[in-house]
Amino acid sequence: MNEIRISGFGGQGIIKCGYIVGKTASLFDGKFATLTQSFGPEARGSACSAQVLVDDEPIRYPYVTTPDTVVAMSQEAYDRFGADITQDGTLLIDEDLVKSLEPPKVGKFYSIPATRIAEQLGLRLVANIVMFGFFTAMTDIITPGAAREALPSSVPARFVELNMKAFEQGYEYGLAVLGKLPDGGEEKPEETKSGANAGAGSKREAGSKKAKGKSSSGKNTGKKKATQGE
Amino acid sequence: MKADPRGVLTGAHYLDGDHAAAEGGLAAGCRFLAGYPITPSTEVAERFAARIPKVGGGVFIQMEDELASMSAILGGAWAGKKSMTVTSGPGFSLMMENLGLGIMMEVPTVIINVQRGGPSTGLPTLPGQADMMQARWGSHGDYEIIAICPSSPQEAFDYMITAFNFSEKYRVPTLVMMDECVGHMTEKVVIPPADEIELTPRKEYTGPPEEYLPYLPDKDMIPWMTKAGDGTRFHTTGLTHDEKGYPVMNADCQETLVRRLIDKIRKNADEIAIVEEEEVDGADVVLISYGISSRVAIPAIERARREGLKVGSLRLVTVWPFPETRVRELAKNVKALVIPEMNYGQIYYEIERCAAGNARTILVPHGGGWVHDVNDVYAGIKEGLK
């Protein structure tokens with residue numbers, strides 16, 4: 001059983017990210033997955049989290065108790081949920097949004113500038129999908145093939161291409177961090193395992209091949225709210 | 001009869017309980033939903049509103065309030081459509097008067113209550129299970145009703161179909177008492193092909209129009225129904241009425257009518273009852289639960305079993321009519337019945353009544369807002385073994 005908590009602030013697509021993880025596992029990886037969410041009236045801008053259980057057996061007790069995998073996409077989310085993780089767990093952060101952190105006592109700790117990558121793709125809103133790709137690479141919970149199958153029906157039709165791109169960027173960034181990129185010519189980013197200075201102004205880019213998308217100045221971001229597919 | 005394939009989204013989906021309930025309604029043939037948005041139930045109406053244009057005809061209306069919503073679905077049913085509404089605590093309160101009208105007029109319809117913390121506006125986004133007695137007695141007068149408690153999105157789908165079937169079979173408004181946890185929990189939901197979904201058809205009158213009596217009961221105590229305005233003489237009212245549907249204000253008519261309204265459910269209680277049992281034979285303690293509390297109790301039961309304790313589980317899928325026969329039997333064979341529910345004792349008192357002193361009854365209460373701490377449920381089990 002994997003106990004996953006994905007956290008950030010309302011409006012980032014945190015619940016959506018959890019939804020796609022659960023959908024990938026349960027519909028395309030042949031596992032069972034239960035998604036629950038911390039849900040408040042405050043919504044946009046405040047801390048929120050999605051909890052996903054993934055197991056080979058049907059899930060009876062539906063809640064995460066001690067997560068083995070935590071994703072933090074905001075400082076507040078990290079402060080609230082970053083320490084609440086098993087000792088051999090995996091912590092993933094958006095390194096531009098979680099800047100102040102104690103080196104966590106976890107098995108694995110990786111960071112990615114997910115929001116910056118999304119901005120370079122032209123739409124900050126897909127940061128959650130960049131993170132989803134990164135999550136897919138850094139954990140063995142879901143398979144990339146299943147993730148690619150789940151994604152198109154989970155986002156609005158006109159954004160499928162952009163979201164697939166976001167997924168691949170996050171996924172490749174993860175492979176590069178792990179040193180697993182199939183393309184030998186790729187510049188290998190420095191390891192961030194151990195994490196001591198991962199968040200603190202690390203200026204790494206995901207790879208030299210990244211297309212320089214127009215930077216999102218915020219005019220696109222608020223309005224195009226992704227609607228929930230299934 | 002089989003389901004209309006146009007309303008059945010056959011396949012595997014990843015849905016929350018609210019969306020699954022909407023799909024269950026559509027699969028059951030519901031083509032009219034009148035409602036007023038309220039957290040945490042709004043997603044049911046949203047899903048229904050989005051889907052209804054694609055299923056070959058149907059209507060969603062956002063009404064001015066819950067009183068009107070409840071009235072509208074009674075009208076929808078009389079117009080020949082399967083109808084439903086959906087709400088949460090405060091809206092459920094507003095529906096109570098017209099729920100009674102539906103019971104009196106014997107209207108097949110389904111009401112979903114995605115329970116949140118109360119009283120009053122309480123906790124809009126957080127769970128509760130404290131409307132269970134309101135479901136039973138919330139409208140004035142004496143009656144019996146059917147209420148079902150799903151504990152997963154799959155069950156939300158499946159038991160919506162059951163709810164519509166009960167409502168047609170017994171001509172009674174049927175309540176689907178979800179809770180916020182189940183409504184907002186997302187899991188895989190498998191929707192079968194339409195030809196595998198068995199629906200109970202409306203008990204339609206097919207005799208000569210001039211001989212139709214809208215409240216003449218059949219041998220099963222259920223009268224035949226027609227579509228209002230479709231050729232037969234038609235009258236229905238909330239007043240005590242005779243077989244013609246006209247008001248008759250006396251004790252004899254009241255006795256005949258109310259007795260039948262109660263008996264048509266009470267005498268079929270065993271047939272209506274749906275329970276799930278696990279390791280009940282030989283158990284010293286049996287945990288009785290419903291809705292999300294059934295799933296929350298599982299780690300406590302497993303922990304007790306790992307310690308060699310004999311603990312069984314009885315899950316109430318239908319809570320009303322209360323599965324009295326089974327609980328009475330069970331109480332004679334165990335030391336204690338342990339009841340975790342998100343309230344300070346509602347179904348607990350029904351169980352205590354049925355236990356009739358044969359077994360101890362231990363309430364593990366929770367005021368709502370979140371689910372039970374597993375340790376509290378475990379402590380209840382230990383208490384039962386003392």
Straight-line distance of L35(A) CG to L15(B) CG, nearest 0.5 Å: 11.5 Å
H13(B) side, atom NE2; S26(A) side, atom OG - distance, nearest 0.5 Å: 11.5 Å
Contacting region of I292(B) [heavy-atom separation from chain A under 4.5 Å]: side chain
Crowding at CD, E307(B) (>12 non-hydrogen neighbours, <6.0 Å): yes
Under 4.5 Å from a heavy atom of chain B, the part of Y63(A) involved: side chain
Enclosure of K31(A) NZ (heavy-atom neighbours >12, cutoff 6.0 Å): yes
Interface residue of largest heavy-atom contact number with chain B, from T36(A), V52(A), I59(A), under 4.5 Å: I59(A)
More than 12 heavy atoms of other groups within 6.0 Å of Y159(B) OH: yes
Side-chain heavy-atom pair M185(B), T34(A) within 4.5 angstrom cut-off: yes
Working for side chain to side chain contact (heavy atoms under 4.5 Å, CB included), residues K188(B) and L27(A): CA-CA 7 Å; K188(B) 181 175 174 178; L27(A) 299 191; 3.7 Å; yes
Minimal non-hydrogen separation, Y14(B) against A33(A), with atom names: OH-O, 3.3 Å
Minimum side-chain heavy-atom gap V374(B)-Y61(A) below 4.5 Å: yes
Side-chain donor/acceptor of R295(B) to backbone N/O of R60(A), under 3.5 Å: yes
